[in-house]
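Report on one structure; see the data block that follows.
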Amino acid sequence: MSIRRIGEGADEGSASERARLFASRSDGKPPVRGAIRNAKLAALPVAFAGRRAAGLGKRALGRSSEEVNRDIQLRTAQHMFEVLGELKGCAAKLGQLLAIYELGLPQELAEPYRIALSRLQDSAPAMLPKTVHAAIAASMGEDWRWHFQEFDDRRAAAASLGQVHRAVWHDGRQVAVKVMYPGGRQSVAADLEQLRRISHLATVFLPGADVKAVTEAICDCVSAELDYAAEAEYQRTFAAAYADDPDFYVPAVVAQRGDVLITEWVEGTPVTRIVAAGAQAERDRVGMLMLRFVTSGWGRHGLLYADPHPGNFRVLPDGRLGVVDFGACCDWPPEGFQELAIDYCKAFFEGGPTELAAATRRHGFVESGRAFDIEALYAAVEPCSEPFKHSTYRLTTPWLRRQVRRTTNPRLSNVVREMTMPPYFTPFARAALTLAGVLSQLETEGPYRDEVLRWLPVLAETLGAIVPAEAIDPADADESEVQEPVDLAAVRQRRAAVANREMSVS
């Protein structure tokens with residue numbers, strides 16, 4: 001087996017920057033001692049307060065408030081990046097999740113935080129080769145090299161709780177080898193304990209929320225991503241469900257041993273690159289495929305893909321969407337979710353404030369007996385349903401920013417502060433918020449309502465009732481076309497026929 005040494009390519013460009021940021025860890029491991037990790041997390045607000053105090057002095061010396069505030073924002077963003085990126089564990093995962101809330105900030109304030117958060121995953125500290133080898137040996141045995149024809153020591157990608165290496169399996173297949181950070185479980189346990197200790201601060205902003213229950217649900221979700229055996233089973237289920245699918249490719253699981261997961265390699269264009277520089281037609285197509293992947297799964301395999309982060313998707317050369325990283329999955333839908341979806345659709349599209357208030361109480365989004373302004377609640381959340389009221393709709397970052405800022409406004413008059421969230425709803429909320437963020441970054445335009453109806457026909461009675469007259473001709477429409485999922489076999493046959501015609505012409 002040949003082993004290529006680190007420093008020969010992909011990571012060279014940013015190596016010096018990472019060396020500066022993570023010089024305190026010469027062994028290539030993230031800090032795992034609880035005291036060190038907690039001290040670094042605690043340093044964030046302390047350092048911010050120090051910058052604010054220093055800013056007062058600078059203003060007294062004649063610098064403008066705008067200039068001083070900008071400097072504070074940039075330094076705070078850089079500090080956030082360095083601390084969260086070095087800590088790894090769930091600190092980096094929480095940093096990714098916080099990216100959606102950055103959209104709620106004004107454009108001029110959001111920029112430094114966007115830069116810091118977007119660099120978290122790709123700029124995480126890389127494990128040195130000896131650390132990688134030791135971690136693999138701990139899970140696969142000292143003779144682990146026997147399984148590979150080649151193994152590249154260079155990190156191909158970072159994961160929030162580990163990193164990925166490219167290799168060639170003993171049978172010649174190109175594979176991705178995902179290795180958990182040594183001490184990763186202790187790191188995550190320390191992060192989660194810290195999160196539990198500070199979670200009560202959220203009641204300042206959300207006095208009506210059951211913060212403890214939601215915090216435990218978040219902790220459960222993050223802890224579940226440490227179980228590579230469960231992740232392998234989820235991926236096998238997805239791979240079987242989407243085998244030979246015309247739109248999606250899920251790589252097969254090759255092997256799983258302890259804290260090492262080996263899957264087939266996916267070659268393609270990262271969706272992050274489409275977000276940055278893709279043509280609009282491709283942005284629309286990719287965005288709608290991501291929506292289809294998340295919503296089509298429940299009826300096909302009974303699982304929710306809860307982490308539709310753009311870094312988990314690749315556009316293959318044949319146009320299909322490749323999907324990786326199945327750690328954040330769960331059985332779905334739970335009991336009562338179908339009724340919840342129907343009740344809220346009826347409130348938004350057939351009812352009004354009274355119906356929304358009834359659904360909110362019935363499904364546990366407000367504590368029993370708590371009074372709230374039902375008109376204000378309707379005004380705050382009803383605009384979020386706008387994409388489903390049109391034949392096509394374009395999501396944009398400004399649109400999403402308006403929704404986030406309105407619903408997360410810290411003013412006491414914001415009725416959403418009185419709401420809570422049932423713990424079981426946490427994975428769906430994570431998936432929906434993350435997906436909405438990606439679709440807005442892509443500025444995807446498409447038939448959102450019709451796409452949802454394809455895979456959730458139970459909503460057809462409500463959503464179907466608001467289909468514009470120009471969208472469906474009653475004389476031509478068949479009820480099953482609206483309520484039944486797409487016939488994928490027919491799609492494959494049509495594509496094959498088109499391909500054959502093109503070949504015959506050439």
- Please test Lys178 against Asp325 for salt bridge (charged side-chain N to carboxylate O under 4.0 Å, His left out), starting from the C-alpha separation and ending with a verdict. CA-CA 10 Å; Lys178 183 176 177 180; Asp325 197 341; 3.5 Å; yes

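- Remark: Met290 CE to Phe313 CZ distance equals 4.0 Å, nearest 0.5 Å.
- Identified under the salt bridge (Lys or Arg N to Asp or Glu O under 4.0 Å) test for residues 272-290, with sequence neighbours left out: Glu282-Arg285, Asp284-Arg394.
- For Val438 against Pro308, the heavy-atom pair with the smallest separation is CG2-O, 3.5 Å.
- Taking each heavy atom of Arg449 and Phe388 in turn, the nearest pair found is NH1-O, 3.0 Å.
- Using a 4.5 Å heavy-atom cutoff, the side chains of Pro387 and Trp399 are in contact.
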- Item | Pair Arg185-Asp227, salt bridge (charged side-chain N to carboxylate O under 4.0 Å, His left out): steps then yes or no | CA-CA 10 Å; Arg185 285 183 170 78; Asp227 189 345; over 6 Å; no

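- Gln280 places a side-chain N or O within 3.5 Å of a backbone atom of Glu443 that can act as its donor or acceptor partner.
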- Task: List the steps, then state whether side chain to side chain contact (heavy atoms under 4.5 Å, CB included) holds for Glu231 with Glu225.
- Result: CA-CA 7 Å; Glu231 179 176 348; Glu225 295 187 44; over 6 Å; no

- Test log, rule side chain to side chain contact (heavy atoms under 4.5 Å, CB included), inputs Leu321 and Leu316: CA-CA 6 Å; Leu321 193 64; Leu316 275 58; over 6 Å; no

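- Taking CZ from Arg173 and CD from Glu264, the interatomic distance works out to 5.5 Å, rounded to the nearest 0.5 Å.
- Summarising the geometry, atom CH2 belonging to Trp298 is positioned 13.5 Å from atom CG belonging to Asp331; distances are rounded to the nearest 0.5 Å.
- Taking 4.5 Å as the limit, some side-chain heavy atom of Tyr448 sits within range of a side-chain heavy atom of Met288.
- Residues Pro310 and Val271 come closest through the heavy atom pair O-CB, 3.6 Å.
- Within the 4.5 Å cutoff, no side-chain heavy atoms of Leu395 are placed close to those of Thr444.
- Side chain of Arg314 to main chain of Gly311: a donor-acceptor pair is present (N/O by atom type, distance under 3.5 Å, no hydrogens or angles).
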Can you give each donor-acceptor pair under 3.5 Å made by side-chain atoms of residues 337-349, sequence neighbours left out, with the distance rounded to 0.1 Å?
from: Asp343; atom 1: OD2; to: Arg362; atom 2: NH1; distance (Å): 2.8
from: Asp343; atom 1: OD2; to: His363; atom 2: NE2; distance (Å): 2.8
from: Tyr344; atom 1: OH; to: Thr360; atom 2: OG1; distance (Å): 3.2

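- Among residues two or more places apart in sequence or in another chain, the side-chain contact (heavy atoms from CB on, under 4.5 Å) test is passed with Ala240 by none.
- Of all the heavy atoms in Asp245 and Asp247, the pair that sits closest is OD1-N, 2.7 Å.
- Annotation: side chain of Gln441 is not in contact with side chain of Thr396 (no heavy-atom distance under 4.5 Å).
- Taking Val132 as the reference, Met127, Ile136, Phe151, Gln163, His165 meet the side-chain contact (heavy atoms from CB on, under 4.5 Å) condition, with sequence neighbours excluded.
- Qualifying ring pair (Phe, Tyr, Trp, His ring centres under 6.0 Å) partners for Phe248, counting only residues two or more places apart in sequence or in other chains: Tyr242, Phe293.
- Ser385 places a side-chain N or O within 3.5 Å of a backbone atom of Glu382 that can act as its donor or acceptor partner.
- Looking at Leu356 and Ile374, their side chains never come closer than 4.5 Å, going by heavy atoms from C-beta outward.
- We find the CE-CG distance between Met419 and Leu377 to be 5.0 Å, quoted to the nearest 0.5 Å.
- Atom SG in Cys330 sits 11.5 Å away from atom CG in Asp220 (nearest 0.5 Å).
- With contacts defined as side-chain heavy-atom distances shorter than 4.5 Å, the pair Thr131/Pro182 qualifies.
- Under the ring pair (Phe, Tyr, Trp, His ring centres under 6.0 Å) criterion, Tyr424 pairs with no residue, sequence neighbours left out.
- Qualifying ring pair (Phe, Tyr, Trp, His ring centres under 6.0 Å) partners for Phe326, counting only residues two or more places apart in sequence or in other chains: Phe238, Tyr305.
- Distance alone, capped at 3.5 Å, places no donor-acceptor pair between the Gln235 side chain and the Thr237 backbone.
- With sequence neighbours left out, Arg361 forms a salt bridge (Lys or Arg N to Asp or Glu O under 4.0 Å) with no residue at all.
- Between the side chain of His390 and the backbone N or O of Thr392, no donor-acceptor pair lies under 3.5 Å.
- Ala328 approaches Asp307 most closely through the heavy-atom pair CB-CB, 3.8 Å.
- Side-chain contact between Leu400 and Thr397 is absent, with no heavy atoms from C-beta onward closer than 4.5 Å.
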- Message: For a side chain to side chain contact (heavy atoms under 4.5 Å, CB included) check, start with the C-alpha distance between Phe372 and Glu367, then their side-chain angles and the critical distance, and finish with the verdict.
- Response: CA-CA 10 Å; Phe372 63 95; Glu367 289 186 351; over 6 Å; no

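- Arg236 contributes no side-chain N or O that, together with a main-chain N or O of Ala252, makes up a donor-acceptor pair within less than 3.5 Å.
- Looking only at side-chain heavy atoms (C-beta outward), Cys329 and Leu304 stay at 4.5 Å or farther from each other.
- For Cys384, the side-chain contact (heavy atoms from CB on, under 4.5 Å) partners at least two apart in sequence or on another chain are Gln403, Arg406.
- Partners of Trp265 by ring pair (Phe, Tyr, Trp, His ring centres under 6.0 Å), not counting sequence neighbours: none found.
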- Task: Could you walk me through whether Glu233 and Tyr228 pass side-chain hydrogen bond (donor to acceptor under 3.5 Å, both in side chains), step by step?
- Result: CA-CA 9 Å; Glu233 284 305 309; Tyr228 281 12; over 6 Å; no

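- With sequence neighbours left out, Glu267 forms a salt bridge (Lys or Arg N to Asp or Glu O under 4.0 Å) with Arg166.
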- Task: Evaluate side chain to side chain contact (heavy atoms under 4.5 Å, CB included) for Arg155 paired with Val164, printing each intermediate quantity in order.
- Result: CA-CA 6 Å; Arg155 181 185 64 176; Val164 178; 6.0 Å; no

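- Under the side-chain contact (heavy atoms from CB on, under 4.5 Å) criterion, Pro423 pairs with Ala213, Ala217, not counting sequence neighbours.
- When atom types are taken as modelled, the side chain of Ser139 and the backbone of Asp259 share a donor-acceptor pair closer than 3.5 angstrom.
- Smallest separation of non-hydrogen atoms from Ala460 and Leu453: CA-CD2, 3.4 Å.
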